[in-house]
Amino acid sequence: MSDQHFIVQSSPHIRDKDSVPKIMYTVILCLLPALVASVYFFRWRAVMIVLTSTAACLATEAVLLRLRKKPLRSVLDGSAAITGLLLAMTLPPTLSLELVIIGGVMAIAIGKQVFGGLGNNIFNPALVGRAFLQAAFPVAMTSWAPPVTLQVDTATFATPLAELKLQAAAPEALTSIKDLFLGNTGGCLGETSAFALLLGASYLLFRRAADWKIPAGIILSLSIFTGIFWIADPGKYASPLFHLFSGGLIIGAFFMATDMVTSPITPKGVWIYALGIGLTVGIIRLLGGFPEGVMYSILFWNTFVPLLNRYTRPRILGEGRQT
Amino acid sequence: MWLSDNHQALSNMKKRTFPHGIHPPEKKFMTENKDIEFVPPPDSLVIPCNQHFGKPAKPVVNKGDEVFLGQKIAESDGLFSAPVHSSVSGKVKSIDPFVHPGGNPVPSITIVNNGKEERDPGILEKEISGEKAAALTPADIREKVKEAGIVGLGGAAFPTAVKLNPPPDKNVDCLILNGCECEPLLTADDRLMQKYPEDIIKGAELACKSTGAKRIIIGIEDNKKKAFSVFFERLNDYPSLFPHGERPSREAVLLKTKYPQGAEKNLIYALLKREVPRGGLPFDVGVIVQNVGTAKAVWDAVSRRHPLYQRVLTVSGSGFNETKNVIVRIGTSVQHVIDFCGGMKKDANLLVMGGPMMGLVQWTPDVPVIKGTSGILAWKASAEPYEYTCIRCGRCVSHCPMGLVPTHLAQLAKYGKLSEAENWGIMDCVECGCCQYVCPSKIPLVQWIRLGKTNVSREKRKKSA
C-alpha cells in the first residue's frame with residue numbers, strides 16, 4: 001500500500017487555461033489602442049476622464065462587494081475596470097469629473113451589483129452609467145469639443161451625426177470618411193477612431209474574447225438598412241460607410257454588444273440579437289429624434305437576451321429523428 | 001519505408017469529423033512509440049463480479065477451489081450481464097466485497113496465483129480455420145462471445161453479445177470499428193491496431209455475420225497515422241473468413257483529431273452523416289459500433305474459445321517514473337502495474353482509471369484492473385480552481401457535441417428543476433466533459449449535470465413504481 005494521498009473529483013480531470021480574469025484583461029488590452037488614440041486627440045482631458053471613471057467603478061465595486069459580504073477578489077477580476085474604461089470612452093471630452101464619478105457609481109451600483117454582480121446583470125453596466133448621465137445631464141452630455149488635432153476656431157462643436165441630423169450640410173462635405181476612420185473628428189473620447197478600435201477588436205476576435213457573430217450581424221443589418229435609404233436618396237442620407245465609422249457604432253458593435261454577460265449564449269440567439277441591434281441603430285439614426293442610437297439599441301436588445309436564450313435552444317443531436 | 005512515403009498523401013487526405021468538440025493537448029508522445037509489454041501477474045488477484053454494464057455475475061466457485069487460467073468463476077445473471085473468468089491458475093482464497101474502481105465495494109473473487117499458468121482445457125491451443133469460423137451461425141458466434149465474457153473495451157463495458165444481437169426489426173447494414181482513441185494520453189488501441197490488424201478485421205467480420213452488416217468502416221484519428229496506414233494501405237490484403245460475394249466491404253476512414261471523436265453518436269455522424277435519434281441506439285440507424293480491442297477479443301473468443309481475462313491499457317502521465325503500454329491480467333491491482341512501471345512520483349496526487357476526460361479517479365492504488373480499464377494515469381493536479389459565476393460566454397454551448405446548453409442544465413440540476421432539465425435535454429448528455437474543459441468560470445458543469453441525470457432517473461423510477 002502506498003501512503004500517498006489522492007484527490008477525489010468528478011471528471012473531466014483537465015481544463016483549458018483560459019479563465020474569467022484572462023478574458024477580462026484581454027478585453028482591457030484590446031481597448032488600449034483606442035485609449036491611446038483618445039489621449040492623442042483630446043490630450044489631458046482624456047487622461048483625467050479615463051482615470052476618474054475607472055477609479056470610480058473599482059471603488060464602487062469594492063464597497064458594494066463588501067456590503068454584500070462577497071469575496072473582494074472579484075474587484076480584481078477585471079470586469080469593473082472594463083466598465084470604467086468603456087464608460088469613459090463613451091463620454092464627451094468636456095464632461096466635468098464629478099459627473100464622470102456619478103456615471104461610474106451608477107454603472108456599477110445600478111447596472112451590475114443590484115442584480116448580483118458579475119454574470120447576473122441584464123444590461124451592459126457601462127451603458128447603464130452612460131444612459132443615466134444622458135437622462136440626468138442632457139446638456140453636458142451633448143456638448144462636444146473638437147479634437148486638439150483639428151484646427152477649428154469654435155469653442156463648441158457638433159458631431160458628424162448631429163450635423164447630419166440637423167441637415168446642416170451634406171455629411172460627406174463636413175467630415176470625410178478618412179477623418180471618421182482615423183478619429184479626427186468630434187465625438188466621445190474613445191469612439192471616434194475606428195482605426196484604433198478595429199486594431200484592438202481584431203485581437204479581441206482572434207483570442208475569442210468576443211463572438212465575431214455580434215459585430216458581423218450589427219454591421220450587416222445596419223449597412224443594409226442605411227444602404228437602402230442611401231440608394232434611394234444619396235443627397236439626403238449618408239452612406240452605410242459613414243454610418244459604420246461615425247458615432248459609437250464600432251465601439252458598440254465590437255466592445256459593448258459583445259459583453260458576454262449581456263449577450264445571448266445560443267448561436268441563433270446571437271444572430272437575432274446582433275441583427276436586431278444593427279437595425280435598431282439604423283431606425284433611431286434615420287427615423288428617430290436622436291442623432292445617435294447605439295447605446296439605446298444595445299440596452300434595448302439586452303432586455304431580450306433571457307427570452308432569446310429560452311426560445312433559441314440549439315438542436316440536440318438526433319432531435320426529430322424517429323427511433 | 002512505405003509508411004513515411006505515404007505520410008504526405010495522408011496529410012492531404014480529406015478527414016471527416018463531427019460539429020463542435022474540443023482540442024485538448026494530446027500528449028500521446030509519452031507512449032505512442034512503445035510496444036505493448038506483458039505485466040507478469042501478481043501473487044494474488046482480486047476479480048470483481050461486476051465489470052460490465054448490467055447485473056453482476058454470480059460466483060460459481062467456492063472458497064478453496066482450484067481454478068485454471070481462463071476458467072469461468074462467475075456466471076452471467078440474465079441477458080444484460082457477462083461471465084467472469086480467472087486470469088491466473090491457483091486457489092480461490094475468498095469471495096468478499098472489495099473496493100471497485102467505480103467507488104463502491106462489490107463482491108469480488110480473490111485468487112492466489114500458483115504461478116503455473118495452467119490453462120483451462122476448454123481453451124484451444126490453435127485458432128480454428130477460417131472456413132470453420134465462417135461456417136458458424138450468428139447464434140453460435142453470440143454464444144461464444146457471451147461465454148468468453150466479452151464486453152465493450154472502450155470503457156462503457158456494455159456486454160458485446162447483446163450488441164451483436166440487434167432486434168429483428170432493425171436492419172443493421174454497417175459495422176463501425178472505433179479506432180479513434182480520442183482521449184488524450186491513451187495509446188493502447190493505437191498499438192493494438194498496429195499489432196493485430198488481421199485479428200481485428202476477422203473479429204469485425206464475425207460481428208458482421210452476427211448482425212447482418214455488409215460493410216465494415218474503421219475510423220481512425222489523424223494523430224495515429226501509423227495505425228491508419230496499417231489498415232489503409234493493405235486493407236484488402238488481410239485475409240477474409242468468407243468467400244467472395246459473402247464478404248463485407250472494408251473501408252478505412254481518416255478522422256480529424258478532435259475530442260470526443262470516438263463517442264458513439266458523434267462517430268456515427270462523422271462517418272455516415274446519420275443521426276442516432278434522441279434516446280435511441282445505433283441500431284436505430286442501422287449501425288453497430290465496436291471498439292477495435294473488442295473486435296480482437298471477439299476473434300479470440302470465437303477462434304480459440306479464449307475468454308476475456310486480460311486487456312491492453314496505457315500507463316501514462318507525468319506522475320509515473322516510466323510510461324508504458326501494457327497487457328494486464330484482469331484483477332491485477334493498480335499498485336502492481338505501477339510497480340511494473342517503476343513506481344509513482346512522490347508529488348503525484350491524482351490517479352485516474354481511463355482517460356483524463358472521462359476516467360474515474362481512484363483514492364487508492366489498491367483497486368483491481370477491470371475489463372473496462374483503458375488506462376492508468378497519474379499526475380500532479382493543481383488545487384481546484386476558484387469558481388466564478390457563469391459569465392454566459394456560451395463556450396459550453398458552442399463546444400457541446402450533443403447540441404446542449406450545459407450551463408443552463410447545470411443550473412436547473414442545481415435547483416432541482418428536473419422536468420425542465422429534461423425538456424432541455426439533460427438525458428442526452430454523454431458526460432464527455434467538453435463544457436467543463438472550456439468553462440472560463442471553472443464551474444463543475446459535468447458534476448451538476450450528472451447529479452441532475454441521476455435525480456431525473458430516480459424520479460422516473462418512482463413514478464413507474
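This is a predicted model, so every value here is computed, not measured. Protein chains get the first letters and strands the later ones, always in sequence-line order, with residue 1 at the start of each.
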Applying a strict 4.5 Å limit to non-hydrogen atoms, the region of B:Thr407 in contact with chain A is side chain
Is the closest side-chain donor-acceptor distance between A:Arg208 and B:Ser398 under 3.5 Å? no
The interface call for B:Glu420 against chain A, heavy-atom contacts under 4.5 Å, is side chain
Near A:Lys213 NZ, under 6.0 Å, is it more than 12 heavy atoms from other residues, nucleotides or ligands? yes
Check whether B:Asp428 gets within reach of chain A through its side chain, its backbone, both or neither, counting any heavy atom under 4.5 Å. side chain
Test salt bridge (Lys or Arg N to Asp or Glu O under 4.0 Å) applied to B:Arg395 and A:Asp16, step by step: CA-CA 11 Å; B:Arg395 288 186 189 173; A:Asp16 190 33; 5.0 Å; no
Hey, which of B:Pro440, B:Gly394, B:Gly103 has the most heavy atom pairs under 4.5 Å with chain A? B:Pro440
Is it the case that more than 12 heavy atoms not belonging to B:Asp43 sit under 6.0 Å from its CG atom? no
Under a 4.5 Å heavy-atom cut-off, does chain A meet the side chain of B:Val438, its backbone, both or neither? backbone
Between A:Pro21, A:Ala210, A:Ser263, which shows the greatest number of heavy-atom pairs under 4.5 Å with chain B? A:Pro21
With the side chain counted from C-beta on, respond yes when B:Leu350 and A:His13 share a heavy-atom pair under 4.5 Å apart, and no when they do not. yes
Chain B heavy atoms under 4.5 Å from A:Ser74: which part of the residue, side chain, backbone, both or neither? side chain
Counting heavy atoms not belonging to A:Arg315, are there more than 12 under 6.0 Å from its CZ? yes
Is B:Glu384 close to chain A through its backbone or its side chain, or both, or neither, when contacts mean heavy atoms under 4.5 Å? side chain
Which bit of B:Cys390 comes within less than 4.5 Å of chain A, counting heavy atoms only: side chain, backbone, both or neither? backbone
Take atom NZ of B:Lys28 as the centre, draw a 6.0 Å sphere, and report whether it contains more than 12 heavy atoms from other residues, nucleotides or ligands. yes
Measure across A:Ser11 and B:Gln436 and return the closest heavy-atom pair with its distance rounded to 0.1 Å. O-OE1, 3.8 Å
Between B:Pro184 and chain A, with a heavy-atom cut-off of 4.5 Å, which part of the residue counts as in contact: side chain, backbone, both or neither? side chain
Looking at A:Asn120, A:Thr258, A:Val8, which one has more heavy-atom pairs under 4.5 Å with chain B than the rest? A:Val8
Side chains of A:Asn309 and B:Arg392: closer than 4.5 Å at any heavy-atom pair? yes
Shortest non-hydrogen contact from A:Pro12 toward B:Gly433: CG-O, 3.5 Å
Applying a strict 4.5 Å limit to non-hydrogen atoms, the region of B:Ala378 in contact with chain A is neither
Has A:Lys70 got more than 12 heavy atoms of other residues, nucleotides or ligands less than 6.0 Å from its NZ? no
Nearest heavy-atom pair of B:Lys265 and A:Leu317: which atoms, and what distance? CB-CD2, 3.9 Å
Side chain from CB out, backbone as N, CA, C, O: work out which of these in B:Asn423 comes under 4.5 Å of a heavy atom of chain A, or both, or neither. backbone
For A:Lys22, is it the side chain, the backbone, both, or neither that has a heavy atom closer than 4.5 Å to a heavy atom of chain B? neither
If one checks every heavy atom of B:Pro25 against chain A at 4.5 Å, the contacting part turns out to be neither
Taking the side chain as everything from C-beta on, heavy atoms only, tell me whether A:Pro314 gets closer than 4.5 Å to B:Leu404. no
Contact between B:Thr364 and A:Phe6 at the side-chain level, heavy atoms closer than 4.5 Å - yes or no? no
Is it the backbone or the side chain of B:Tyr386 that comes under 4.5 Å from a heavy atom of chain A, or both, or neither? side chain
Is any side-chain heavy atom of A:Arg15 closer than 4.5 Å to a side-chain heavy atom of B:Pro24? no
Hey, does B:Arg278 have a side-chain heavy atom less than 4.5 Å from the side chain of A:Ile316? yes
Chain A heavy atoms under 4.5 Å from B:Lys380: which part of the residue, side chain, backbone, both or neither? neither
B:Val405 portion near chain A, given a 4.5 angstrom heavy-atom threshold: side chain
Under 4.5 Å to a heavy atom of chain A? For B:Trp379 that would be side chain
Distance-minimising heavy-atom pair for A:Ile7 and B:Ala381: CD1-CB, 4.0 Å
When you measure from the side chain of A:Ser10 to the backbone of B:Pro444, do you find a donor-acceptor pair of N or O atoms at a distance under 3.5 Å? no
